[in-house]
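The block underneath contains the structure these notes are about, expressed in structure tokens.
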Amino acid sequence: MSQPASEMSDGVPLIFELGQKGRANRYFEDAKPLETYLPPSVLREELPLPENSELDVVRHYTRLSQRTFGIDVGFYPLGSCTMKYNPRVNDAIAARREFAELHPYTPDELAQGALQVMYELERSLSSLFGMAAFSLNPSAGAHAELAALLIAKKYFKDRGETHRDKVIVPDTAHGTNPASAAMCGFHVISLPSDSRGRVSVEEIRKVLGPDTAVCMMTNPNTLGLFEEQIAQIAAEVHAAGGLMYYDGANANAIMGYTRPGDMGFDLMHLNTHKTFTIPHGGGGAGHGPLGVAAYLVDYLPTPVVVARDGEFALEFDRPKSIGPMRSFWSNFAHAVRALAYLYANGEAGLKRVSQLAVLNANYLRVKVAEFLETPYPETCRHEFVASAQRLKKEHGVRALDLAKALLDRGYMAPTIYFPLIVPESLMIEPTETESKETLDDFAAALHGIVETAKTNPQELFDAPTATVVGRVDETRAARQPDLRWRA
Ligand SMILES: Cc1ncc(COP(=O)(O)O)c(C=O)c1O
């Protein structure tokens, strides 16, 4: 039976419940009270924090950390999310005092090193992806999509083409693409993929017109397939007066092989929190640099880091800019990690990253195809999509059940039910950081689950049973989350 999220008592008390008056460690017993040093005007009358011993605090948070799943615990083949291993050295560099303790109001002349990091990251990304310039301002992919569409809107306004109000989005696109377009006030036109999972020139011609503003594409797309007609598609969109937007969430597949700028894209985002080592998940801090072609540079969000006479500076006064997308320097620590990753790999290393990501995906794809349908059975890029449609028809077992059973076997589940055009889809992205043994073990585990589906489907309907939280009522958990602590 499904449990509402609010009733799932998992037996871990909150740090507030653990607290006991007088329990906090006092390492310096004879230390004088705060009142000795501070005037009453700056002292709080009350500070309702729990008092816990250090040991209780350490145990509490260590226990909590063990009740979650992350890339440090096991294989995380979450398609489209590129959950790869993050070298610790990048975190160590970002945590250096010189970066971590820098105040965002520090004058430029005292923050030259940090500004140089941003400048060099911006230059490196521009060259790697073939764009004239990048803004490091947006905090995530979706945030950069919104910024890009705001730029498109302003650009068309400046040209007196406000009638351009349509954004074309293929049916394989991530949900943020149409959502960003709608948020920006555009009308979304969904473009059907062909039988090989790609967008065709013929289809795009049918929807192009004088009202076309932007065509948003992901390449390789979310089926892990490269859009072979991309150059012709870009030419058609440009001929109609529209702009091409590249969703770079899948950039892990192309580094050193091709560049969105060369494919004909005018705007693009990167999810550095996927492609460049930075951890993401749980809606946490991200980083979504936004790249543009030369004729759109003036529209980039502010501030922009510039180099003048050997000095680095933040430029705020850019009359055509859409303005800041967020405060201060955006997620600066992520920029530090991303640059550390880029420099550690170098050009050849980044190319190898993409090679291995593609190799791993194809190795696993061929193995999985032995026991699950793969509706687009050709060489993929960094991810592939399998389907549980036959299992559902013959045994009532859905992609959701396979995903939950994987959790019991110590794996994160793949992305399921996305892309929407594949029924009962499982979107699998192994990434380049996993070993052959891990891929073999995962394939064996998934195969075992598929066999169980045929002999004992109930076991899968009950899964997961080995995790902290069992099967939840997914709708209520999403629609009525109870996240508040009540005494
Ligand atoms: C293909 C694709 N586009 C866009 C996004 C949105 O990126 P973000 O989560 O950084 O907002 C994602 C996120 O998973 C994605 O997979």
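Order of appearance sets the numbers: ligands from 1, and atoms from 1 within every ligand. Only this structure's heavy atoms are used, side chains among them; waters, hydrogens and symmetry mates stay out.
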Across all chains, not counting sequence neighbours, the salt bridge (Lys or Arg N to Asp or Glu O under 4.0 Å) partners of E120 are none

Counting from 1 in the order shown, the ligand 1 atoms closer than 4.0 Å to a non-hydrogen atom of A249 are 1 (C), 2 (C), 3 (N), 15 (C), 16 (O)

Closest to atom 14 (O) of ligand 1 (heavy atoms only, candidates E145, M427, H273, K274) is K274

- [ ] For the pair R164 and D211, evaluate salt bridge (charged side-chain N to carboxylate O under 4.0 Å, His left out) and give the outcome as yes or no after the intermediate values.
- [x] CA-CA 4 Å; R164 292 191 180 271; D211 55 359; over 6 Å; no

Subject >> N-O pairing of E228 and R196 below 4.0 Å >> reply: yes

closest protein heavy atom to atom 11 (O) of ligand 1 is A142 N, 2.9 Å

Value for CD (E203) from CD1 (I168), rounded to nearest 0.5 Å, stands at 11.0 Å

So the atoms of ligand 1 within less than 4.0 Å of a heavy atom of A140 turn out to be 10 (O), 11 (O)

Check if H143 has a non-hydrogen atom at a distance under 4.0 Å from any atom of ligand 1. no

Atom 7 (O) of ligand 1: closest protein heavy atom, distance to 0.1 Å, is N271 ND2, 2.9 Å

Exercise. Hey, does G141 come in under 3.5 Å of ligand 1, counting only N/O atoms on both sides?
Worked result: yes

Please test E432 against N252 for side-chain hydrogen bond (donor to acceptor under 3.5 Å, both in side chains), starting from the C-alpha separation and ending with a verdict.
CA-CA 9 Å; E432 73 282 3; N252 215 42; 2.9 Å; yes

re atom 3 (N) of ligand 1, the protein heavy-atom contact at minimum distance is D247 OD2, 2.5 Å

Check your understanding: Is S80 in polar range of ligand 1, meaning some N or O pair under 3.5 Å apart?
Key -> yes

Margin query: For Y363, does the six-membered ring have the charged nitrogen or CZ of K436 within the cation-pi criterion, i.e. under 6.0 angstrom from the centroid and within 45° of the normal?
Written below: no

In this structure, atom 6 (C) of ligand 1 is nearest to the protein heavy atom T176 OG1, 3.7 Å

To the nearest 0.5 Å, atom CG of L223 lies from atom OG of S193 at 6.5 Å

